[in-house]
2 protein chains.
Amino acid sequence: MYSLDKTDTKLLQALSDDPRSTFVALADTLGLSRNTVQARMKRLEDSGAFLGFDRRINPATLGYPLTAFIEVHVQQKRLAQIVIDLALIPEIVQAHGMSGQADLLVRVVCTDAADLFRIDGTILACDGVERTETSLAMGEVIPYRLTPLLDRRG
Amino acid sequence: MYSLDKTDTKLLQALSDDPRSTFVALADTLGLSRNTVQARMKRLEDSGAFLGFDRRINPATLGYPLTAFIEVHVQQKRLAQIVIDLALIPEIVQAHGMSGQADLLVRVVCTDAADLFRIDGTILACDGVERTETSLAMGEVIPYRLTPLLDRRG
DNA sequence: AAAAAAAGTGAGCAGAGTGCCCTATTCAGG
DNA sequence: CCTGAATAGGGCACTCTGCTCACTTTTTTT
């Protein structure tokens, strides 16, 4: 795998500060030439350093102000089919396969508590799902961030 | 709160398909004029429909191939201070306050199992933290998505 | 039904950013 | 000492943006 040097790290830091930053602006803040920035960004892009470009949409705007995490316990040998079934539930916005107490950690959005109850029921109704544990998210007390990790590498 | 009409929804769909899409391209695909797209995007932006613009960085590239979720049980009245303490741990990339079994759901990245063990120890060492439950994420079986919700509104 | 307000269109323009090219310089490793 | 990679600097055609203005269509209000 490609490993980052100091300049790459600085690039990623600058990008974290302002993801919309242009190549020209990056070159300017880092004191590099535009060509260099462009070349390095291409290398980073090719190496898979970026997961994607996102204009993140607020689920609340879509009418889903509540977020919840649901731990799902399943019959493990049916896991693959269960994931397919869960993917059909629109309110499930993300799911991770887990090693630990639960088999799946599912993130859902909902309109209210009753809606959450309903969605939980839909999940439980999937063949092979044995038990769920629902927790309502009260807030993102630490917003997603990578900056501290970037800062540590200097 | 601002509520979306059909055109807004189509805009958000097009943006989900290609977040990098330009106003010109959006206008083209939706059969609208560039002015209209720009005006609507500004309205959406102002109404808080977008959480932000992200060029998401792959933690693996930074040397953290493993992701884990840690449920943290705390003395609730110390919650505020605990969040401040946790924010000092760089490997914690996100945290949600929860109502349910656990008080906090913390998302961490780490280099390997030993690293995870160490981070867990750091969390446990925080004053007021009583218990943690760690689960290693094996994979994102449903990648973050809002498309199904958008599609449902037509 | 008529008037007013809101939304959309089409055009234009200056400035900025992009992708691509080519060449010169610097610097480390063989 | 030579070679190759990284960087710098310049240039060029093109697209996108932010902005403005005038005009038309649609919707809402009176």
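Chain naming here is simple, since letters A, B, ... match the order of the sequence lines and numbering starts at 1 in each. Small disclaimer: the values here were computed from a predicted structure and weren't measured.
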Q: Heavy-atom nearest nucleotide on DNA chain D for A:Val37 versus A:Arg34: which residue maps closer to 5'?
A: A:Val37
Q: Compare every heavy atom of A:Ser135 with every heavy atom of B:Gly100, then report the nearest pair and how far apart it is.
A: CA-OG, 4.1 Å
Q: Atom CG of B:Asn35 and atom C1' of C:dA6: how far apart are they, to the nearest Å?
A: 15 Å
Q: If only side-chain N and O atoms of B:Thr36 are considered, is one of them under 4.0 Å from the OP1 or OP2 phosphate oxygen of C:dT9?
A: yes
Q: I'd like to compare against my own output: the B/S/- annotation of nucleotides 23-30 of chain C with a strict under-4.0 Å heavy-atom distance to protein.
A: --------
Q: Report the distance from atom CE of B:Met41 to atom C1' of D:dC16, rounded to the nearest whole Å.
A: 14 Å
Q: Take atom CZ in A:Phe117; do more than 12 heavy atoms of anything else shown fall under 6.0 Å from it?
A: no
Q: Examine the side chains of B:Gln13 and B:Asp17 and answer whether a donor and an acceptor come within less than 3.5 Å of each other.
A: no
Q: In residues 18-33 of chain A, what residues come within less than 4.0 Å of DNA chain C, judged by heavy atoms?
A: A:Thr22, A:Phe23, A:Val24
Q: Can you confirm whether B:Phe53 is buried at CZ, in the sense that more than 12 heavy atoms of other residues, nucleotides or ligands lie under 6.0 Å from that atom?
A: yes
Q: For A:Asp127 and A:Gln81, test the side chains for any donor-to-acceptor distance below 3.5 angstrom and give the result as yes or no.
A: no
Q: Can you check the B:Leu44 CG to C:dA7 C1' distance for me, whole Å?
A: 14 Å
Q: Examine C:dG19: is either OP1 or OP2 under 4.0 Å from a nitrogen or oxygen in the side chain of A:Gln38? Give yes or no.
A: yes
Q: If I take atom CD from residue A:Gln38 and atom CG from residue A:Leu32, how far apart are they, to the nearest 0.5 angstrom?
A: 12.5 Å
Q: Does the side chain of B:Glu71 pick up a donor-acceptor pair with the side chain of B:Gln101 at under 3.5 Å?
A: no
Q: Distance from B:Arg40 atom CZ to B:Ser47 atom OG, nearest 0.5 Å?
A: 11.5 Å
